*Asks:* 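I have a structure I would like to understand better, so I am pasting it below and will then ask my questions one at a time.
Everything numeric here is computed off the predicted structure, so don't read it as measured data. Just so it is clear: chains get the letters A, B, ... in the order the sequence lines come, proteins before strands, and each one is counted from 1.
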Amino acid sequence: MPELPEVETVARSLEAGQGTGSTILGRTIQRAAVAWNKTVAAPSATAFKKRIVGQQVTGVGRRAKFIRLDLSEDVLLVHLRMSGDLLFGRSDSPIGKYSRLQLYLDDGLQLSFDDARKFGRVWLVKDPEDVLGGLGPEPFDPALTPKAVHGLIHARKRQLKPLLLDQSFVAGLGNIYADEALHGARLHPLTSAHTISAKQSADLLAAIRAVLKEGIRRNGASIDWVYRGGDFQNHFKVYQRTGKPCPRCATPIERIVVGQRGTHFCPNCQIAPE
DNA sequence: AGGGAAACCCGAACGC
DNA sequence: TGCGTTCGGGTTTCCC
């Protein structure tokens with residue numbers, strides 16, 4: 001077994017089944033501790049613990065913003081929301097101030113779900129579709145051709161920004177990536193979906209993929225005081241850059257609120273709808 | 001169908 | 001220094 005640091009952020013390595021992901025595979029959950037009841041989506045922390053103990057990790061993966069651990073009987077789904085973190089380390093590591101759930105594995109290993117703001121949730125379900133069923137396609141799904149995307153967008157009479165955040169439309173975009181993608185495609189966040197051209201739909205799809213790729217390459221964004229190791233926040237073009245020059249045309253970035261969400265855009269590159 | 005608002009949280013950043 | 005207030009992230013739920 002590879003030498004382990006005390007704790008290690010696990011989310012990134014799970015999808016590929018590399019590193020921590022492969023280290024977890026095959027291990028059995030010996031004991032579970034729930035430090036914040038609401039972290040466990042349902043039905044109760046006691047039932048959750050009773051059910052998960054004894055199960056073996058048979059697979060790891062991701063769907064949209066959910067981390068997925070396949071267990072021998074059930075599937076454990078983890079949503080980090082804003083401030084959540086999944087940490088892997090030795091079971092004798094001190095329990096963090098914000099630890100909400102600990103899973104003790106064999107061989108002295110521990111998987112811990114930490115979350116300062118208590119927004120994150122975990123689900124233990126027989127059928128992951130109970131939780132994931134409503135999600136739209138993955139942005140990198142090959143079936144999502146420019147033509148298919150244009151068909152989907154054109155069918156919607158909705159502002160682009162809330163549409164991109166709608167997980168049932170396309171799964172996996174958050175506020176940062178929606179703003180950055182719209183800037184990349186030179187589309188104004190308030191544009192009605194059904195008014196955009198096929199070319200613009202294709203540009204939007206390309207921009208979504210480009211922004212996600214860059215975010216992944218930079219290990220994600222560490223915003224606020226929540227540090228997770230990534231540095232994408234130093235490369236935002238519009239997000240949280242109100243008043244600063246657009247990297248494309250130097251016009252000051254503006255901030256508006258759309259669907260209760262802070263929305264950043266360049267008023268010159270991203271032309272407002274009539 | 002789409003939009004708006006509130007609720008869930010709490011550390012940080014602000015105003016006084 | 002120490003209060004009180006506001007903010008924002010993702011999602012669900014409810015209401016117009």
*Asks:* Picking from A:V258, A:T263, A:L164, A:T191, what satisfies side chain to side chain contact (heavy atoms under 4.5 Å, CB included) with A:Q159?
*Replies:* A:V258
*Asks:* Could you check which of B:dG2, B:dC9, C:dT11 has an atom nearest any side-chain atom of A:R81?
*Replies:* C:dT11
*Asks:* Are any non-hydrogen side-chain atoms of A:D130 and A:W123 less than 4.5 angstrom apart?
*Replies:* no
*Asks:* Round to a whole Å and report the spacing from CD1 of A:I256 to P of B:dG4.
*Replies:* 11 Å
*Asks:* Kindly point out which of B:dC9, B:dG3, B:dG2 is positioned nearest to the side chain of A:K157?
*Replies:* B:dG2
*Asks:* Once you round it to whole Å, what is the distance between P of B:dC9 and CZ of A:R121?
*Replies:* 6 Å
*Asks:* Can you check whether A:E180 reaches A:V238 side chain to side chain, under 4.5 Å on heavy atoms?
*Replies:* yes
*Asks:* Nearest to the side chain of A:R158, which nucleotide is it out of B:dG3, C:dT11, B:dG11?
*Replies:* B:dG3
*Asks:* Provide, to the nearest angstrom, the distance between the NE2 atom belonging to A:H154 and the P atom belonging to B:dA1.
*Replies:* 18 Å
*Asks:* Starting at OH of A:Y239 and ending at C1' of C:dC7, how long is that distance when rounded to a whole Å?
*Replies:* 11 Å
*Asks:* Where the side chain of A:Q260 is concerned, which of B:dA5, C:dG10, C:dT11 is the nearest nucleotide?
*Replies:* B:dA5
*Asks:* Are any of the side-chain nitrogens in A:D179 or A:K237 under 4.0 Å away from the carboxylate oxygens of its partner?
*Replies:* no
*Asks:* Under 4.0 Å between a side-chain N or O of A:Y98 and OP1 or OP2 of B:dG11?
*Replies:* yes
*Asks:* Counting side-chain heavy atoms from CB outward, which of C:dG10, B:dG3, B:dC10 is closest to A:N175?
*Replies:* C:dG10
*Asks:* Starting from C1' on C:dG10, measure out to CG on A:L77 and report it in whole angstrom.
*Replies:* 16 Å
*Asks:* What is the distance from CG of A:L165 to P of B:dG2, rounded to the nearest Å?
*Replies:* 15 Å
*Asks:* So does A:H79 get a side-chain nitrogen or oxygen closer than 4.0 Å to the phosphate oxygens (OP1/OP2) of C:dG10?
*Replies:* no
*Asks:* If the plane angle is over 60° it's perpendicular, under 30° parallel, otherwise tilted; pick one for A:Y177 and A:F232.
*Replies:* parallel
*Asks:* Output yes when at least one side-chain N/O atom of A:Q167 is less than 4.0 Å from OP1 or OP2 of C:dT11, else no.
*Replies:* yes
*Asks:* Rounded to whole angstroms, how far apart are CZ on A:R117 and C1' on B:dC9?
*Replies:* 8 Å
*Asks:* Expressed as a whole number of angstroms, how long is the span from A:K38:NZ to C:dT12:P?
*Replies:* 16 Å
